[in-house]
Amino acid sequence: MKWQQFKNRLKKDAQQQEADVDLDALWNALEPQVDELNKQPRKRRFIFWLFFTGVLIAGTGWFFLLENNSRVEVAYDEGISVEKIAENELIVKRENPSITTAAQNKNQAALSTATPDPNDGSNAIANVPAETKQVIETTPKNITTSSITTPLPFQKTTFSKTPRLSITKNKTASTVTNKTHNALEDTKSATPVSKEIEKTKTLVTSKALLPLPKQQSLLTSEESLLLLSKNYLPSALKEYSAEKTSANKKAKSSIQFSVEVLGGISYVNRSLKAKNIAADELLNIRDKYETNLEASHYGVALGLQHTAGFRFSLGLQSTSIAERYQWAETLSEVDSILGVQVLRINLDGDTIPIMGMIPQTTTTEGVKDIYNTYRLIDIPIRIAYQRSFGKWNAGLELGVLANISLKTAGIIPDEKLEDVDIKTQQSSLFKSKIGLSYQIGLVVSRSISDHFELSFSPTVRFIPKDFSVSEYGLSQKYSLIGGNIGLHYRF
Amino acid sequence: MLSEEQLIKDCQRGKKTSQYELVKRYSKMLMAACRRYVKDESSAKDVLQETFIRIFTNIKKYEPTGPFENWMRRIAVRCALTALDKTAIKKEIALTAHHLTGSIEPEVYNYLGIETISRLIDELPLGYRTVFNLNVIEGYTHKEISELLQITESASRSQLTRAKKMLQKKIVLINTQKTTSA
């Protein structure tokens with residue numbers, strides 16, 4: 001039989017061998033530990049849900065902001081319409097529930113009480129019939145987002161503050177009819193209605209009102225309507241259109257995406273504690289021979305930034321914590337070996353070796369200088385608030401980092417000062433994931449161009465979870481104090 | 001009686017009755033594996049206990065790419081090696097590493113049963129026995145053995161050759177004794 005055949009037979013037979021075991025004693029010893037293991041909650045796919053939540057928050061925030069702007073846009077779009085309801089009548093409509101009846105009453109009163117001055121076209125209202133429909137003005141003050149939708153807390157109103165003419169209506173259409181103009185035919189001014197209204201409205205500027213030329217009193221109704229539409233409507237609509245474009249532009253630029261690349265270094269603060277008395281010796285050894293070095297990190301992130309100063313980012317980050325295991329000692333071992341103890345020369349001149357045990361001292365000088373790394377891959381979710389100071393921004397940042405991987409490499413000592421390879425034996429010493437860590441810091445940034453921004457953020461990161469597994473005798477935790485430098489590209 | 005697949009699933013869910021069933025089914029086999037490396041009875045029991053804890057801790061990560069028994073046995077071997085005095089193994093290997101011998105004749109193993117051979121393996125020195133068991137019975141490569149015991153690959157190979165030679169001598173001695181008594 002060849003060696004390989006024997007080996008296979010031996011392997012098969014040996015693997016099927018059994019040895020006697022006291023099952024009850026074994027289970028009694030195992031049961032408490034098994035109960036402890038079974039208590040540990042099942043780990044959900046936490047990382048997935050955390051990532052999903054981050055995306056959901058970002059998407060919801062974007063949706064609401066976009067929706068709000070859309071409503072504003074829609075409000076603009078739906079706010080104005082011009083209809084020719086009859087040959088001599090033109091209706092300019094705008095739904096504005098906030099037009100108060102007080103304004104209407106004021107106008108009505110003005111219309112009914114004004115004394116016409118034949119020489120001054122400004123007061124030729126008395127002849128206006130009471131039922132004359134009037135142009136009711138309102139100011140942009142009524143055009144607020146609150147009348148359209150509930151704004152988000154940090155949204156700024158993007159409307160122009162300059163009052164504009166709004167040819168508005170109450171519930172029934174406001175019209176400028178030929179009746180009005182007919183009533184004014186005897187006057188030399190064609191502006192009395194407008195001017196009276198102007199008196200009741202304090203916020204309307206003269207720019208907003210284009211008075212009808214005096215000649216208009218002699219114009220036909222149709223011509224006056226045309227002139228009215230020509231003078232009032234296009235500019236009003238134009239202004240509205242310009243305002244809409246401007247507001248939309250402002251609305252669009254209030255949210256910006258950014259891609260960020262960041263890197264940094266940190267000082268490492270390690271907390272090593274013995275979980276039980278038996279691990280005290282191990283703790284002494286590791287504390288004596290291991291030194292913390294630095295932590296370095298780099299990553300990328302996608303960000304959402306609002307002009308109000310809030311920023312949200314989600315990314316991927318790698319952190320590497322470096323340590324050094326340094327050991328220099330001299331070991332002496334005394335042993336004995338079989339050798340020539342004595343050489344004897346007899347009377348015949350023969351040399352006779354006398355064998356015996358010879359003591360032997362072996363001195364070993366050992367020097368170890370080993371660098372260990374603990375590499376974490378995290379998904380950072382950061383929220384920041386920054387205030388703008390010209391090209392500079394400064395603020396506060398909070399972050400939650402979800403760890404998705406921990407890899408260890410290097411050698412650490414055990415309680416007998418033997419080397420333990422933490423790369424091959426990671427599963428028996430350290431976890432593969434350590435859960436959440438938390439970060440807080442300041443952010444200072446400066447725009448270096450229209451699209452690029454450079455930031456510096458000193459941070460403190462707390463990693464509250466133990467890096468080591470429950471079976472290992474020591475608890476190993478970290479906190480990092482350092483800073484990040486980031487380059488942001490906004491678009 | 002639960003199938004192995006169902007037993008594994010139940011243990012992954014933390015079902016205590018299935019965990020007891022697993023201990024009951026495989027404790028003897030795993031104890032035999034532990035005893036190959038740890039001679040002391042009480043130490044072997046501790047190793048067996050540690051083995052089952054590791055099995056229950058890591059069973060959620062188990063993927064059925066190979067036999068479940070092999071997976072458990074590997075855990076038992078690693079626990080046993082952790083309990084071993086590796087210093088003693090390394091010292092023994094260092095002293096004998098340079099004593100490489102020539103080839104051996106495998107035919108001598110034909111007429112012996114597993115019990116006798118296991119006993120002879122148990123009588124081997126610590127380093128020889130450990131490397132022999134890891135390579136021949138557990139199937140570890142010399143590279144893997146070198147990582148487990150933190151020795152060189154060449155030391156692992158020489159230990160195996162030395163173990164085979166010594167085992168052969170013992171077998172021959174037994175055979176001679178049998179022939180003489182017959």
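All chains are named by letter (A, B, ...) in the order of the sequence lines, taking the proteins before the strands, and each is independently numbered beginning at 1. Just so it is clear, the structure is predicted and the values come from calculations on it, not from any experiment.
- Annotation: B/Lys45, atom NZ; neighbour count of heavy atoms from other residues, nucleotides and ligands within 6.0 Å does not exceed 12.
- Summarising the geometry of A/Val34 relative to B/Gln19, their closest heavy-atom pair is CG1-OE1, 3.0 Å, with the distance given to 0.1 Å.
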Before giving the answer on side chain to side chain contact (heavy atoms under 4.5 Å, CB included), spell out for A/Glu471 and B/Thr57 the whole-Å C-alpha distance, their side-chain angles and the decisive distance to 0.1 Å.
-> CA-CA 10 Å; A/Glu471 296 87 359; B/Thr57 305; 3.5 Å; yes
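- When the ring pair (Phe, Tyr, Trp, His ring centres under 6.0 Å) test is applied to A/Phe430, the partners found at least two apart in sequence or on another chain are A/Tyr374.
- Distance check, rounded to the nearest 0.5 Å: CG of A/Asp22 to CE of B/Met31 gives 9.5 Å.
- Looking at residues two or more places apart in sequence or on another chain, you find a ring pair (Phe, Tyr, Trp, His ring centres under 6.0 Å) between B/Tyr20 and A/Trp27.
- Shortest non-hydrogen contact noted between A/Lys7 and B/Val136 is CG-CG1, 3.7 Å.
- The CG atom of B/Asn135 lies 9.0 Å from the NZ atom of A/Lys11; values are rounded to the nearest 0.5 Å.
- Within 6.0 Å of the CG atom in A/Asn28, the count of heavy atoms belonging to other residues, nucleotides or ligands exceeds 12.
- Here the CZ-CD1 distance, from A/Arg9 to B/Ile117, works out to 6.0 Å after rounding to the nearest 0.5 Å.
- Of the inter-residue distances, the one linking B/Leu30 atom CG with A/Glu18 atom CD reads 10.0 Å to the nearest 0.5 angstrom.
- Across all non-hydrogen atoms, the minimal contact from A/Leu23 to B/Ser27 is CD1-OG, 4.1 Å.
- For chain B, the option among A/Asp421, A/Asn8, A/Leu26 with the highest count of heavy-atom pairs below 4.5 Å is A/Leu26.
- With rounding to the nearest 0.5 angstrom, the CG atom of A/Leu37 is 8.5 Å from the CZ atom of B/Phe56.
- Side-chain atoms of A/Gln17 and B/Ser118, non-hydrogen and from C-beta on, do get closer than 4.5 Å to each other.
- The CE atom of B/Met29 lies 8.5 Å from the CD atom of A/Gln15; values are rounded to the nearest 0.5 Å.
- Distance alone, capped at 3.5 Å, places no donor-acceptor pair between the B/Arg78 side chain and the A/Ser428 backbone.
- In plain terms, the two heavy atoms of B/Gly14 and A/Asn38 that are nearest each other are O-ND2, 3.4 Å.
- Heavy atoms from other residues, nucleotides or ligands lying under 6.0 Å from NZ of B/Lys169 number 12 at most.
- When all heavy atoms of A/Asp35 and B/Lys16 are compared, the pair lying nearest together is OD1-NZ, 3.0 Å.
- Heavy-atom distances place both the backbone and the side chain of A/Asp13 under 4.5 Å from chain B.
- The heavy-atom pair separating A/Val21 from B/Lys28 by the smallest distance is CG2-CA, 4.0 Å.
- Chosen from B/Glu147, B/Glu69, B/Lys24, B/Arg35, the residue pairing most often with chain A at heavy-atom distances under 4.5 Å is B/Lys24.
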